[in-house]
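What follows is a single structure, written as structure tokens, with notes after it.
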2 protein chains.
Amino acid sequence: MSSARSRMEDVAARAGVSVATVSRALRDSPLVSDATKQKVLAAAEELDFAVFRAASALASGRVGRIAVLISGPVRAWFNGAVLDGLYDGLRAAEHELSVYRVTSLADREAFFGTLPVRRNADALVVTSFALTTDERDRLSSIGMPLVYVNQQVEGLPSVSIDDAAATRLGIRYLVNLGHRWPAFAQVDARIGFTYSALGRLDGYRAELAGLGATASDVRVLRARGADDGESVVAQLLGLADRPSAVMAESDELALSIMAAWTRLGLRIPDDLCVLGFDDQTLAETFGLSTVAQPVTELGRRAAAMALQLAAGEEPAQREVLLPVRLVLRRTTAALRR
Amino acid sequence: MSSARSRMEDVAARAGVSVATVSRALRDSPLVSDATKQKVLAAAEELDFAVFRAASALASGRVGRIAVLISGPVRAWFNGAVLDGLYDGLRAAEHELSVYRVTSLADREAFFGTLPVRRNADALVVTSFALTTDERDRLSSIGMPLVYVNQQVEGLPSVSIDDAAATRLGIRYLVNLGHRWPAFAQVDARIGFTYSALGRLDGYRAELAGLGATASDVRVLRARGADDGESVVAQLLGLADRPSAVMAESDELALSIMAAWTRLGLRIPDDLCVLGFDDQTLAETFGLSTVAQPVTELGRRAAAMALQLAAGEEPAQREVLLPVRLVLRRTTAALRR
DNA sequence: CTGTTAGCGCATTCAC
DNA sequence: GTGAATGCGCTAACAG
């Protein structure tokens with residue numbers, strides 16, 4: 001059990017074969033007989049041997065690792081959920097996951113300036129980024145397969161939901177409950193970090209327009225952060241023709257709106273209907289109706305696609321679109337006059 | 001810009017030096033003159049060169065990566081917050097972060113059986129695990145420095161809070177507000193995943209005992225999951241001598257209790273005071289009073305310690321204990337009869 | 001301070 | 001099916 005230090009050579013000696021055979025056997029190559037495979041596996045087990053992936057990478061050119069670039073902290077629910085899905089997809093293929101995070105403008109410049117990921121991953125998954133053209137070019141220039149999550153770049157591999165359509169679904173639901181017209185709450189884009197926000201706003205505007213609302217019926221409320229429901233409530237209460245329903249761009253913002261609203265002694269859904277977006281952990285806890293997106297599944301699909309591209313295969317479908325669904329709970333109800 | 005393919009050799013040629021010098025210059029070795037360093041850096045920049053870490057690892061024996069083992073999904077707030085801290089600490093040192101996750105018993109056996117991490121990281125950080133003796137032995141056997149987060153193992157490097165003391169602080173606060181005696185809500189340990197839960201329960205019992213409560217004053221309420229506040233509320237309302245305050249082992253559970261409680265038309269803090277543990281993102285949103293633990297800082301300190309151990313240095317302090325603090329918001333108040 | 005030399009541990013030719 | 005030989009790109013002695 002000198003574990004950490006034993007090499008393939010030792011395993012080969014113990015199994016009575018050559019290192020080449022050990023290498024092949026451990027990677028389950030069809031070029032090795034079953035009998036030999038068993039011997040090698042047994043020897044490796046006894047010596048508690050594990051392949052030193054760095055050496056393997058140097059010899060093969062593949063590092064056995066997929067990198068992911070996330071915007072914002074890992075503790076943000078969306079990022080965590082995507083990482084869970086990526087991990088699911090990668091573990092089965094015995095690949096590792098390297099995380100790169102960009103939270104500030106400085107981070108962002110540092111990342112795109114040096115691209116530390118290059119040569120050190122077999123593929124890169126980029127989530128929810130509102131990339132500039134320069135940044136996108138920079139990424140493509142590193143000669144590494146790229147998969148976008150919740151961001152469509154024409155012709156490039158991506159796994160997304162249709163943010164605009166999902167928002168339209170939510171708005172249509174509110175309108176069908178009699179709410180004319182729902183407002184839409186959004187976090188002020190700081191550094192243009194989230195790509196999805198744009199699509200959702202577009203969806204809101206498009207659906208209202210399609211249903212015959214006029215320009216003045218469009219009410220976009222702005223928060224300074226996902227926890228700034230208070231500003232949204234203030235804006236709501238300051239409107240001449242107060243909306244009876246509001247859709248938020250995320251559950252987090254929706255929950256914050258709920259907290260601010262009820263703290264004033266106002267009720268939900270009686271005085272205001274609230275519809276979220278995401279279906280994160282606490283949405284169910286608080287009975288929040290929401291448009292659910294399959295974030296972990298986005299991650300799984302992205303992992304699968306990244307693995308295919310890393311292996312040089314062409315994925316069957318380059319632009320995967322996953323369905324969302326409306327989850328009805330207790331924060332929405334028909335309008336009562 | 002053949003970027004992804006240029007090697008040190010090319011940089012050396014362009015800078016007019018040897019590859020050894022390039023290697024040293026890029027790692028900012030003091031053995032290289034400033035003038036040479038500049039030349040090399042310029043050449044590397046022009047060729048858009050990046051070191052192939054796998055080759056570097058093979059030659060040096062260090063892989064430039066710290067691994068972390070988390071229990072439960074990445075999207076759990078605690079895990080995300082720790083990962084953020086680890087990332088902070090590692091990025092500055094140009095190290096990467098590899099994530100290993102264990103969510104089920106099968107995962108757990110697979111991980112400890114094969115220890116995929118061995119030889120592929122310079123140190124391992126283990127968070128919040130209630131490890132068996134076997135598992136701990138298995139970890140030590142891989143000859144890799146280990147750092148425990150929120151888990152103290154005598155003599156081994158760790159970064160933690162004092163869970164028992166933190167809970168006692170919270171309970172004492174409630175008692176000083178006149179609540180005799182507060183109950184404690186906890187999630188049923190499934191596979192013995194979280195280490196902290198044990199310490200918190202101990203702290204609750206110890207503080208009540210220390211303040212003169214009798215055995216029947218100790219009320220431990222059990223939930224089937226962090227989102228099962230409903231069970232806790234049911235147990236509360238079924239008690240003969242209903243407590244006027246409850247402390248939960250986590251904010252998530254506390255928030256769920258709040259949701260279930262207010263849904264019944266009961267009020268907080270009037271009819272029940274609720275105290276959480278963590279100070280996660282949504283605690284502030286909902287005005288939850290809580291015992292705040294510096295999770296991201298735990299991650300930073302763990303990263304620093306892991307880097308030191310990986311470099312063969314002995315950290316100044318092997319068992320770091322970080323302070324918690326009480327955050328008073330709107331879910332706790334003095335008892336009014 | 002800089003260059004030369006010799007591997008690091010594995011995957012992959014090519015023989016057999 | 002298996003073994004022997006070669007080299008992946010870099011770092012670490014050792015000279016100078």
Side-chain angles (χ1 to χ4, degrees), chain A residues 2-41 43-44 47-65 94 118-120 122 143 310-312, chain B residues 2-41 43-44 47-65 94 118-120 122 143 310-312:
Chain A
S2 65
S3 67
R5 295 281 155 247
S6 71
R7 294 164 310 141
M8 236 178 222
E9 202 180 312
D10 306 333
V11 179
R14 187 175 192 101
V17 297
S18 70
V19 286
T21 300
V22 173
S23 171
R24 286 189 276 248
L26 291 179
R27 280 171 308 116
D28 203 28
S29 157
L31 296 177
V32 183
S33 74
D34 278 352
T36 313
K37 230 173 244 178
Q38 295 313 320
K39 271 194 305 186
V40 172
L41 259 33
L47 292 173
D48 199 21
F49 171 80
V51 169
F52 185 34
R53 301 182 77 122
S56 161
L58 182 55
S60 72
R62 292 196 46 189
V63 296
R65 184 176 310 115
E94 300 196 298
R118 74 182 179 292
R119 306 186 71 197
N120 295 305
D122 298 323
Chain B
S2 64
S3 65
R5 296 281 156 248
S6 72
R7 295 164 311 141
M8 238 178 220
E9 200 181 314
D10 306 335
V11 179
R14 187 175 191 103
V17 297
S18 70
V19 285
T21 300
V22 173
S23 170
R24 288 189 276 248
L26 291 179
R27 282 173 302 127
D28 203 28
S29 156
L31 295 176
V32 184
S33 75
D34 279 351
T36 313
K37 232 172 244 181
Q38 296 311 321
K39 272 194 305 187
V40 172
L41 258 35
L47 292 173
D48 199 19
F49 171 81
V51 170
F52 185 34
R53 300 181 78 124
S56 163
L58 183 54
S60 71
R62 292 196 45 189
V63 297
R65 185 176 312 117
E94 297 195 300
R118 75 182 179 291
R119 307 188 72 196
N120 296 305
D122 297 324

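Computed from heavy atoms alone, side chains included, the values below leave out hydrogens, waters and symmetry copies. Quick note on labels: first sequence line is chain A, next is B, and so on, each numbered from 1.
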Would you please name every residue forming a side chain to side chain contact (heavy atoms under 4.5 Å, CB included) with B:Ala59, sequence neighbours left out?
none
May I have the distance from B:Leu26 (atom CG) to D:dG9 (atom C1'), rounded to whole angstrom?
13 Å
Using whole Å, report how far CD of B:Gln38 lies from P of C:dT2.
12 Å
Validation row: A:Val22, A:Val17 side chains within 4.5 angstrom (heavy atoms):
yes
Identify, with sequence neighbours excluded, every residue that meets side chain to side chain contact (heavy atoms under 4.5 Å, CB included) alongside B:Ala13.
none
Please report, rounded to the nearest Å, how far the P atom of D:dT11 is from the CZ atom of B:Arg62.
12 Å
To the nearest angstrom, how far is B:Leu58 atom CG from D:dT6 atom P?
19 Å
So side-chain hydrogen bond (donor to acceptor under 3.5 Å, both in side chains) across residues 17-26 of chain B, not counting sequence neighbours, yields B:Ser18-B:Thr21, B:Ser23-B:Arg27
Would you say A:Arg119 places a side-chain N or O within less than 4.0 Å of OP1 or OP2 belonging to D:dC10?
yes
Does some side-chain heavy atom of B:Arg65 sit less than 4.5 Å from a side-chain heavy atom of A:Arg65?
yes
Does B:Lys39 have any salt bridge (charged side-chain N to carboxylate O under 4.0 Å, His left out) partners at least two apart in sequence or in another chain, and if so, which?
none
Counting C-beta onward and ignoring hydrogens, is there a side-chain heavy-atom pair between B:Val11 and B:Arg14 closer than 4.5 Å?
no
Sequence-aligned protein contact record of nucleotides 11-16 of chain C, with B where the base is within under 4.0 Å of a protein heavy atom and S where only the sugar-phosphate is
BBB---
Can you list, in residue-number order, the parts of residues 28-37 of chain A that come under 4.0 Å of DNA chain D, counting heavy atoms only?
A:Leu31, A:Val32, A:Ser33, A:Thr36
B:Lys39 atom NZ is separated from C:dC1 atom C1', nearest whole Å, by 12 Å
I need the CZ-P distance between B:Phe52 and D:dG7, as an integer number of Å.
18 Å
Mind checking whether B:Val51 and A:Arg119 have side chains closer than 4.5 Å, heavy atoms only?
no
Integer-rounded Å distance: D:dT11 P and B:Glu9 CD:
14 Å
Taking side chain as C-beta onward, heavy atoms only, is B:Val40 less than 4.5 Å from B:Leu26?
yes
